[in-house]
Amino acid sequence: MDDIVNALRSIQRTISGSGISITFDQTSVHIAGLHGSVTLKLIRLYRPSSHDVEREASEDALLVITAATRKAAAAAARYNHILVPEGGYRIVAPGVALMHDSYVSPETSRLAQLAGRSGVIAETLLLGKNRAWSVRDLAAAAHVSSALTHRVMVRLERENLLVPHGSGRVKSRVLSNPRALAELWSQEESIPSPALRGFLYTSSTEALSSKITDGHPETAVGGVLAANLYKPLLTRVSPPLRVWVPSDFDFSELDSLGFQPTNEGANVEFLKTKHDAWQVNMSRAEKLPCVSKWRAWLEVASTTGRSQELADALFAELSLK
């Protein structure tokens, strides 16, 4: 409640002398302007997904959003809201129009940042759906240490994304909001720049992926093609094809396939990451080794156009299962 009080008082100081007044209690805020007034009910959201924001928003509500991801903040921009602690707000009512943007920054805690090996923990939780996880079981499934797993789980429990059950050695946690966790992961995880780009002649993107992965089963298809294999939506996937390779992969092995390194006209790009985090939850789609469904979504989550439609369709399917 202190954060809400501080945010509203900050707004009051900003508009001092404007003829607009703000009064509030535990459940509502009353805003009076020069030409009208309105009472809005306060709805508190902690670490919501953009879907949560859309569901709770209404003309008679003021959303008070704590620890918003960029996607949740973007969804809130169309509605009356306050971002805590960033200080951004939008309050539009009869005779009143108060708006102040704020930048939503990623989490600064390096120990619990959902990227790399910590990102695999988030990915594994999402793939596990409603499973009750102990620290040991989740660490084993994500192929990371129990210490790192514990730090991530404590953070996610504190942010209401995991619900605890039991205590001590028998304590487990269950994912409570897959959409919010996925959006948080997509905000904190970064896709590396291609380690190599080039051209390899084939008749189609699917044939290209088979030509590479058939001889190198330790590699995996990612990006738009992987997402489209999991959720067929696009009739044609445009190049370049994204292929993940192990950190020790020898690119000279591609010479026998006729691969030609180039940046212009490239139809395939190869990505590498430290610790090969993408390998942990590798799966298969249409006989091709692929990154997991959730990682495929993450790779296309920030795209535009038809690829964004694909991302939205895959996201809707995954978060409902």
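All residue numbers in this chain count up from 1 along the given sequence. Both backbone and side-chain heavy atoms feed into the values below; hydrogens, waters and symmetry mates do not.
Using a 4.5 Å cut-off on side-chain heavy atoms (C-beta onward), S186 and W294 make no contact. Looking at heavy atoms from C-beta onward, R173 lies in side-chain contact with V135 at the 4.5 angstrom threshold. The shortest side-chain heavy-atom distance between N160 and N177 does not fall under the 4.5 Å cut-off. Within the 4.5 Å cutoff, side-chain heavy atoms of F270 are placed close to those of I212. Inter-residue side-chain proximity for W244 and T273 is flagged as met; some heavy-atom pair is nearer than 4.5 Å. Counting heavy atoms from C-beta on, the side chains of V64 and L45 never come closer than 4.5 Å.
Taking CZ of F24 as the reference point, atom OG1 of T39 lies at 14.0 Å (rounded to 0.5 Å). Note that CZ of F199 and CD of E264 are 13.5 Å apart. Values are rounded to the nearest 0.5 Å. Atoms NZ and NE2, from K71 and H51 in turn, are 14.0 Å apart once rounded to the nearest 0.5 Å. Note that CZ of R47 is 11.5 Å distant from CD1 of I65, once rounded to the nearest 0.5 Å. Between the NE2 atom in H216 and the CD atom in E253 there is a gap of 5.0 Å [rounded to 0.5 Å]. The CE atom of M282 lies 7.5 Å from the CZ atom of R284; values are rounded to the nearest 0.5 Å.
S118 contributes no side-chain N or O that, together with a main-chain N or O of L148, makes up a donor-acceptor pair within less than 3.5 Å. Between the side chain of T262 and the backbone N or O of G198, no donor-acceptor pair lies under 3.5 Å. Between the side chain of R197 and the backbone N or O of N263, at least one donor-acceptor pair lies under 3.5 Å. Under a 3.5 Å cut-off, the side chain of D52 and the backbone N or O of S49 do form a donor-acceptor pair. N228 contributes a side-chain N or O that, together with a main-chain N or O of L233, makes up a donor-acceptor pair within less than 3.5 Å. D276 places a side-chain N or O within 3.5 Å of a backbone atom of S247 that can act as its donor or acceptor partner. Not one N or O on the side chain of S210 forms a donor-acceptor pair closer than 3.5 Å with the backbone of A207. A donor-acceptor contact shorter than 3.5 Å links the side chain of H81 to the backbone of A76. Between the side chain of Q260 and the main chain of L200, no donor-acceptor pair closer than 3.5 Å is present.
Note: the hydrophobic cluster containing V53 also contains L83 (ILVMFWY, side chain heavy atoms under 4.5 Å, direct or indirect links). Cluster annotation: L40 and I22 are assigned to the same hydrophobic cluster (Ile/Leu/Val/Met/Phe/Trp/Tyr, side-chain heavy-atom contacts under 4.5 Å, transitive). Note on L126 and V120: separate hydrophobic clusters, where clusters join Ile, Leu, Val, Met, Phe, Trp and Tyr whose side-chain heavy atoms are under 4.5 Å apart, directly or indirectly. Residues L298 and L161 share a hydrophobic cluster, clusters being chains of Ile/Leu/Val/Met/Phe/Trp/Tyr side chains in contact below 4.5 Å. A continuous path of hydrophobic side-chain contacts links L257 to L288 [ILVMFWY only; heavy atoms under 4.5 Å].
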Legend entry - Verdict with reasoning, V144 to V152, per side-chain contact (heavy atoms from CB on, under 4.5 Å): CA-CA 11 Å; V144 297; V152 172; over 6 Å; no

Inset, instruction - Given side-chain contact (heavy atoms from CB on, under 4.5 Å), test V92 with M99 step by step and report yes or no. - result: CA-CA 8 Å; V92 177; M99 295 183 224; 3.9 Å; yes

Inset, instruction - Verify side-chain contact (heavy atoms from CB on, under 4.5 Å) between K171 and E157, making sure each step is shown before the conclusion. - result: CA-CA 12 Å; K171 183 174 183 177; E157 180 182 338; 3.4 Å; yes

Inset, instruction - Take E206 and L225, measure what side-chain contact (heavy atoms from CB on, under 4.5 Å) needs, and give me the verdict at the end. - result: CA-CA 8 Å; E206 289 75 11; L225 180 58; 3.9 Å; yes

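Classification of the F251-F249 ring pair by plane angle, with boundaries at 30° and 60°, yields perpendicular.
The two residues A132 and S172 make their nearest non-hydrogen contact at CB-OG, 3.8 Å. Scanning both residues, W133 and G128, for their nearest heavy atoms gives CZ2-CA, 4.1 Å. Summarising the geometry of E59 relative to N80, their closest heavy-atom pair is O-ND2, 4.4 Å, with the distance given to 0.1 Å. Here the closest heavy-atom approach between residue W278 and residue P246 is recorded as CZ2-N, 3.7 Å. Closest approach of A226 to V291, counting heavy atoms only: CB-CG2, 4.4 Å. Residues L114 and A122 share a closest heavy-atom pair of CD1-CB, 4.3 Å.
With hydrogens and angles left out, the side-chain atoms of T124 and N281 include a donor and acceptor closer than 3.5 Å. Using a 3.5 Å distance cut-off with no hydrogens or angles, the side chains of S252 and D255 do not pair a donor with an acceptor.
Remark: E56 CD is packed, more than 12 non-hydrogen atoms of other residues, nucleotides or ligands lying under 6.0 Å away. Other residues, nucleotides and ligands contribute more than 12 heavy atoms inside 6.0 Å of the CZ atom of R55. Around the CZ atom of R117, the shell of radius 6.0 Å holds no more than 12 heavy atoms that belong to other residues, nucleotides or ligands.
V154 belongs to no hydrophobic cluster, as no Ile, Leu, Val, Met, Phe, Trp or Tyr side chain comes under 4.5 Å of its own.
Among the candidates N6, V29, I82, I31, the single residue satisfying the side chain to side chain contact (heavy atoms under 4.5 Å, CB included) test with I11 is I82.
For E183, there are no salt bridge (Lys or Arg N to Asp or Glu O under 4.0 Å) partners two or more places apart in sequence or in a different chain.
The residues R179 and E54 are annotated as not salt-bridged, no charged nitrogen and carboxylate oxygen being separated by less than 4.0 angstrom.
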